[in-house]
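The block underneath contains the structure these notes are about, expressed in structure tokens.
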Amino acid sequence: MRLEGPDYPGTSYAATSNGWMETEVYEIYFQATFLKAAGPERPALLICDRHGAHVGLKLIKMTRNERITIFELPPHSSHILQPLDLCVMKSISAWNEELTKWQRHHIGMKLPKKEFLRPIGGVWTKTNPSIVQKGFQNAGIFRFDKKFLFDPCAFKRGKGHASASDLYILLKMLQKKSQ
């Protein structure tokens, strides 16, 4: 796994032998990249698909120690609930242009894994952050906002809204209180 690439600071990537995510690689990503990006505020919620690499025992122990809850999206729902699928991937059609440009300069060659970051990184740095935020919004994932959850009158007045993540966090808080 390469961390903090010189061309794209704050990024990380890994190349596995078969091209698929592996538990050990995801654990390294969690420790070296996710925790750093998530910052110190806890509790936190990690939303991911149901890939087996995302729920290894070691990772579960790490998330519990860090007061981070893993929330797995239901199977076959990424086209509805996964922020990257909803907005980001659709908006980076420039990736195709970069890949085509690379292929024209390297006729008959496969893009080596170690070179993958260059074309995708260039596109990613040009991606407007509001597109990423829109992906979360379209998936119904909003930042936790206590003032809406604990002010029932806000809902009656039509000024409040609760997202799926707010309701999930509220459910977890109520479960803890009942224990």
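Quantities reported herein were computed from a predicted structural model and do not represent experimental measurements.
Interatomic distance, CD1 of I60 versus CD1 of I68, reported as 13.5 Å (0.5 Å rounding). Within the model, atoms CD of E41 and CZ of R67 stand 10.0 Å from one another, a figure rounded to the nearest 0.5 Å. Distance check: K58 NZ to Q31 CD gives 6.0 Å after rounding to the nearest 0.5 Å. Between the CE atom of M62 and the CG atom of L46 there is a distance of 10.5 Å, given to the nearest 0.5 Å. Here CG of L81 is found 7.5 Å from CG of L86. Values are rounded to the nearest 0.5 Å. Distance NE2/H54 to OG1/T23: 9.0 Å, rounded to 0.5 Å.
Criterion: ILVMFWY side-chain heavy atoms under 4.5 Å apart, direct or through other members. Under it, I28 and V55 are not part of a common hydrophobic cluster. In this structure, L73 is a member of the same hydrophobic cluster as L45, with clusters built from ILVMFWY side-chain heavy atoms closer than 4.5 Å. Cluster membership check: Y26 shares its hydrophobic cluster with L35, using side-chain heavy-atom separations under 4.5 Å among Ile, Leu, Val, Met, Phe, Trp and Tyr.
Between H106 and W102, the angle of the ring planes stays under 30°, which puts this pair in the parallel group of the 30/60° scheme. Taking the six-membered ring where tryptophan is involved, the planes of F34 and F30 are essentially parallel, since the angle between them stays under 30° and well short of 60°.
Counting heavy-atom neighbours within 6.0 Å of Q103 CD, excluding the residue itself, gives a total above 12.
Taking each heavy atom of H51 and M21 in turn, the nearest pair found is CE1-O, 3.4 Å. Across R50 and P74, no two heavy atoms sit closer than the pair NH1-CA, 4.1 Å. Contact record, E72 with D49: CG-O, 4.2 Å, taken as the closest heavy-atom pair. In this structure, E66 and R42 approach most closely via the heavy-atom pair O-NE, 2.6 Å.
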Can you give each donor-acceptor pair under 3.5 Å made by side-chain atoms of residues 128-137, sequence neighbours left out, with the distance rounded to 0.1 Å?
{"residue": "N128", "atom": "OD1", "partner": "S130", "partner atom": "N", "Å": "2.9"}
{"residue": "N128", "atom": "OD1", "partner": "S130", "partner atom": "OG", "Å": "3.0"}

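No side-chain heavy atom of T69 sits under 4.5 Å from any side-chain heavy atom of P43. Residues L111 and L99 form a side-chain contact, since some pair of their non-hydrogen atoms from C-beta on lies under 4.5 Å apart.
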